[in-house]
Structure formats: structure tokens, C-alpha cells
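What you see is a predicted model; the values in this text were computed from it and never measured.
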Amino acid sequence: MKGLELAEKYYETYGKAMIEEQFADVADQTAVGLVGQGSECLGFDDEISMDHDYGPSFCIWMPRDVYVQYGARMQAAYEALPQEFMGFSGRIIEEQGQGRVGVLCLEDFYAGILGRYTPPTTNEEWLMLNESDLATVTNGKVFEDRLGRFSEIRSILLQYYPREVWLRRLVQSMARAAQSGQYNYARAMKRGERIAAEMALTEFIRESMQTVYLLNRKYAPYDKWMRRGMEELSVCSEIGDMLDLLYTIPEPETAWEGVQPHDYIYNLNTNDGRILIIEAVCNIIVQELNKQGLSDRQDNFLQNHLQAVLGKI
């Protein structure tokens, strides 16, 4: 069973009654759900995930003034709930997983991840936020929010970036993808700098995935789950399978044997299958830019589309 489903059933079976019966005077000051760090909050948990931070559990968020007065007592009541549930034992918590579930201060939850507990109000404040952190505080599910404050903050964040911020981040990711995949990779391979080429390829993979998330207007999770999350995107999701192929090209260095310094300056070394895949990925991104009205250029080089996208601000 997925951790998110287990958490909600556990709350409905035990947690709801605990709050309403033992803390009736502040029940209307709480929000309950499972949101934050951990694969279970993204819905990506599997059998491998069950060796840590898995088990019947949920979060209870309260405003700071209520948390100061009732937090310790409610936490004790939470810990007294049955540890065994639906055949699953209590949550195994590693040291770095402390404080992810149980009774939490609402303001500290947001501030601990985003560095602030109020939603950004200016483009500058939005640009200061880390995208994977935004994904972390908007993932999972809120089971119940009697007060509404937790969901109010969440709702604003889920509305996504303001248009100018979105376009600037899109341009940044496209620029890095072009520089690493369409420029640096080939030059490093031509020089026989295999490590530099692999680093460039890795950066291209990350930035092209980031570009796809931006084109979907969805916050990208942290690196570990970016590829997995692409399977749930509606726009350019096929790029994920194409990126997988980059690691199936056998001995790409053979395509560069005997290449001279001035070879492939104005064209592509199509003997390297990775080059073909990189260009195919960029072509799909360009097609989507055209479809969304962000650029009317047709060439594959992402760098050539940056000004067009910036012009939409």
C-alpha cells in the first residue's frame, strides 16, 4: 500500500477521533495530512522505500500560538496511537527523518523548507525560492483543514510562478541545456575529455528535464525523483524515455576517433548516437515552444530561442 493511502486511513481510523475527543477546544485550529519530504509524499514510494520513514503516520499542523500551548500534549497523544495498523508496523524513522510527521508548527513547517512561512508576493521573492522546495511543500495530500490557513498558503503556491518568473526560469534552463548538451558535450568528446563530456551530458539531462517541468507549469521535485515524475506530465513526457537512451549508446568515443580540431564546427557528428538523441530532445522542446506561442523559430539550437521567450515578458 502506498504510504499516502496508509496515512489517510490511519488518520480516519485513529487520528480524527483523538483530535476531536482529546483536544476538542483546539480541533478547529488544526490541519491534517501528509506533505513534505519523503517519497511517500510524492506517491513514488515502493518496496525499497519501506525500509525507512514508512508506516502508519500523518502530520498535524497548528499555528505557533496554539502549538506552543498544546503541541507537546498532542504529540504525546499522537505517539500513544496504535503502532500496528492494517498489517503494517510503526514508522521506522531515521535520524535525518525526524520531525517529518506528528504534531508540527504550521509556520515552522513552511519556514523550515522554504525559508519563509508566508507566500512570496514579488517576482524577486519567487526567484529566491528553490523549485524542489516548492515541490516539497505542495506535494502529498491535506486530509482535513479546519482552520484553513495551511491550505491557504498551499493554494497560493500551487498557482505556480508568476508569468515573468516562469519565463525567466524557462530561459535559464534552456540556456544551460543548450550550453551543456548542444555545445560542451561535443567539444569535450572531440578533445577526448570523457569526464568533462559525461558531466556535460548529466547537466543536459537535468536541465532538459527541468525545461519539461517548466513547460508543464509544474514544480520539479529534487533530482532523485525528476525522471520518475516525468511519467505523470502531460507535455513532452516522451523526453524521459529518450533521455534513458543516452545511457545505452555503446562506446560513444569511437565516433570521435580521428576527428580533427576543425571537424564538425558547423554540423553535427551524427556518428555519435548521443548527439542524435540530444538533438531529438531539443527538437521536441522547440516544437512545444512553438505550440505555446513562446517562439516562432524552427531551428533546434535552444540558445537561438532565448530572446524570443524573453520577449514574451
Modelled atom types, side-chain donor and acceptor of Glu107 and Tyr67, under 3.5 Å: no
For the residue pair Asn283 / Glu279, report whether a side-chain donor-acceptor contact shorter than 3.5 Å exists. no
Parallel under 30°, tilted from 30 to 60°, perpendicular over 60°: which one fits the rings of Tyr219 and Tyr161? perpendicular
Side chain to side chain, Lys9 and Phe85, heavy atoms closer than 4.5 Å: yes
Out of curiosity, Leu81 CG to Tyr11 OH, how far, rounded to the nearest 0.5 Å? 11.5 Å
Centroid separation Phe109 to Tyr117 less than 6.0 Å: no
Within the structure provided, determine whether Glu8 and Phe58 are in side-chain contact (heavy-atom separation under 4.5 Å). no
Are the side chains of Ile284 and Met242 in contact, using a 4.5 Å heavy-atom criterion? yes
Would you say the side chain of Glu124 lies within less than 4.5 Å of the side chain of Leu127, judging by non-hydrogen atoms? no
Hey, are Gln303 and Tyr183 close enough side-chain-wise for a donor-acceptor pair under 3.5 Å? no
Taking C-beta and beyond as the side chain, do Leu302 and Leu306 meet within less than 4.5 Å on heavy atoms? no
Same hydrophobic cluster for Ile195 and Trp256, using side-chain heavy-atom links shorter than 4.5 Å among ILVMFWY? no
Distance-only side-chain donor-acceptor flag, Glu131 / Gln210, under 3.5 Å: yes
Quick one: are Thr30 and Phe23 in side-chain contact, heavy atoms under 4.5 Å? no
